Amino acid sequence: MIHHPDFPVSRPRRLRYNAVLREMIAETSLQLSDFVMPLFVRSGKNMMRPIASMPGMYQLSVEHLVKKCEGLYKSGIKSVLLFGIPEAKDEDGSVACAHDGIVQIAIRAIRKEIPNMFVIADVCNCEYTSHGHCGPLVDGDVENDATLKVLCKQAVSLCESGADMIAPSDMMDGRIGAIRKAMDLNGFYKIPIMSYAAKFSSSYYGPFREAAESAPAFGDRKTYQMDFRNAKEAMKEIFIDIQEGADVVMVKPGLAYLDILKQASESIDIPLAVYNVSGEYAMVKAAAIKGWIDEESVILETMHAFKRAGASFIMTYFAEQLPALLNRFD
C-alpha cells in the first residue's frame with residue numbers, strides 16, 4: 001500500500017470503506033412509515049384497468065382496492081391517498097359530495113376490512129367535473145368562492161365516511177380556512193388537513209390526468225395552480241395555509257422542486273409532505289424498461305433525496321415496491 005506522507009490529514013474516504021460504518025453514520029434514513037401509496041378507485045365491479053402511462057398502476061374497483069390495501073398494510077405501508085373516478089360527472093363537481101360517491105364507498109369498505117389503515121382523501125373537483133377543471137366555471141375560468149362551497153361539502157362527506165385526513169389539492173384561495181371551519185362545525189375537529197400548499201402548474205402531471213380521467217377539456221390550470229418560476233410565492237402560499245389551519249403542508253411535484261422543499265423545511269414547524277408525482281414515476285419506469293437505468297437504485301436515491309431535503313413523509317407510486325427494497329438495501 002502506498003502512503004503519501006505529505007497528504008492532508010483529512011481523508012473523508014476513511015468513513016466510506018466499510019458498509020457497516022456507512023450505515024452507522026448515514027445522515028438520512030428511510031422507514032416504511034415515511035410512505036403513502038396513492039390509489040385510483042373507480043365505479044364498477046371486478047375492474048383492474050391498467051394505466052398505460054404508469055406501468056404497474058391500475059384503476060381499481062372497490063373490491064380490488066380493498067385487496068390492494070390489505071397487501072400494502074401487511075407489507076408495512078399503512079397509509080393510502082385515494083382518488084376517485086366516478087360513474088358520472090357534472091358541471092360543478094357536486095357528485096363528489098354524495099354519500100354514495102366512489103371515494104366515500106371506498107373509504108367505508110377499507111374501514112370495514114382494514115380498520116387501522118390510514119386513509120387520506122384527496123379533495124378536489126377535477127375528477128368530478130364534466131369539463132375537467134377544479135370547480136364551477138364563470139366566463140371560462142374557475143370561480144373561486146363558489147368552488148369553496150363544493151369543497152367544504154366534499155370534505156365533510158369524506159369525513160363522515162371515515163377518512164383519517166383530508167387533503168385539498170384544488171389551490172383555491174381561502175380553501176383551508178373554509179374547509180377547516182366546515183369540518184369543525186360538523187364535529188370533525190380531530191381530523192387533520194394536509195394542504196397541497198405549494199402545488200405548481202406542472203407538465204409532470206400528465207400521466208395522472210390519464211389515471212384520474214381529469215384532463216381539462218380546454219385551457220389549462222395556470223390561473224389557480226402556481227407558476228413554476230416562483231419560489232417566494234410558494235412560501236407565501238405555505239404560510240397562508242398554515243395560518244388558515246393546515247396541519248400538514250405539501251410541495252408538489254417533488255424532484256424539480258427540491259429547492260422549495262428544502263426552503264420550506266427550514267422555515268416552518270409543522271410536518272412537510274412531498275408528492276413524487278406521476279410523471280416522475282413514469283420516467284423512471286420508462287427508462288428502466290429500456291434498460292437505461294437501474295430502477296431500484298434510482299427509487300432509493302430519489303426517496304433519500306426527498307428525506308434529505310426535509311420531507312416528513314412522501315406520497316409515491318413506488319410505495320408498494322419500497323418494503324422489499326428497504327429490506328434489501330445495504
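All values below were derived from every heavy atom in this structure, side-chain atoms included, with hydrogens, water molecules and symmetry-related copies excluded. The model shown is predicted, which means the values in this text are computed figures rather than measured ones.
Using a 4.0 Å cut-off between charged nitrogen and carboxylate oxygen, Glu266 and Lys262 count as a salt-bridge pair. With respect to the salt-bridge test (charged N to carboxylate O, under 4.0 angstrom), the residues Asp184 and Arg180 qualify.
Between the Asn18 side chain and the Val20 main chain, a donor and an acceptor come within less than 3.5 Å of each other. Between the side chain of Ser265 and the backbone N or O of Ala309 there is at least one donor-acceptor pair closer than 3.5 Å. At distances below 3.5 Å, at least one donor-acceptor pair connects side-chain atoms of Ser61 with backbone N or O atoms of Met47.
Side chains of Leu258 and Val251 form no contact here, defined as non-hydrogen atoms less than 4.5 Å apart. For the pair Met37/Lys68, no side-chain contact is recorded, criterion being any heavy-atom separation below 4.5 Å from C-beta on. In this structure, Val277 and Ser202 have side chains that are not in contact, with every pair of non-hydrogen atoms separated by 4.5 Å or more.
Ring-plane geometry between Tyr275 and Phe83 is classed as tilted, the angle between the planes lying from 30 to 60 degrees on a 0 to 90 degree scale. Using a 30° and 60° split on the angle between ring planes, Phe200 and Tyr257 fall in the parallel class, below 30°.
If you check the side chains of Arg175 and Ser195, you find a donor sitting under 3.5 Å from an acceptor.
Annotation: cation-pi geometry satisfied between Lys252 and Tyr205 (NZ/CZ under 6.0 angstrom from ring centroid, within 45° of ring axis).
Few gaps surround CZ on Arg14; more than 12 heavy atoms of other groups in view lie less than 6.0 Å from it.
Applying the side-chain contact (heavy atoms from CB on, under 4.5 Å) test between Pro168 and each of Leu151, Ile176, Asp241 identifies Ile176 as the sole match.
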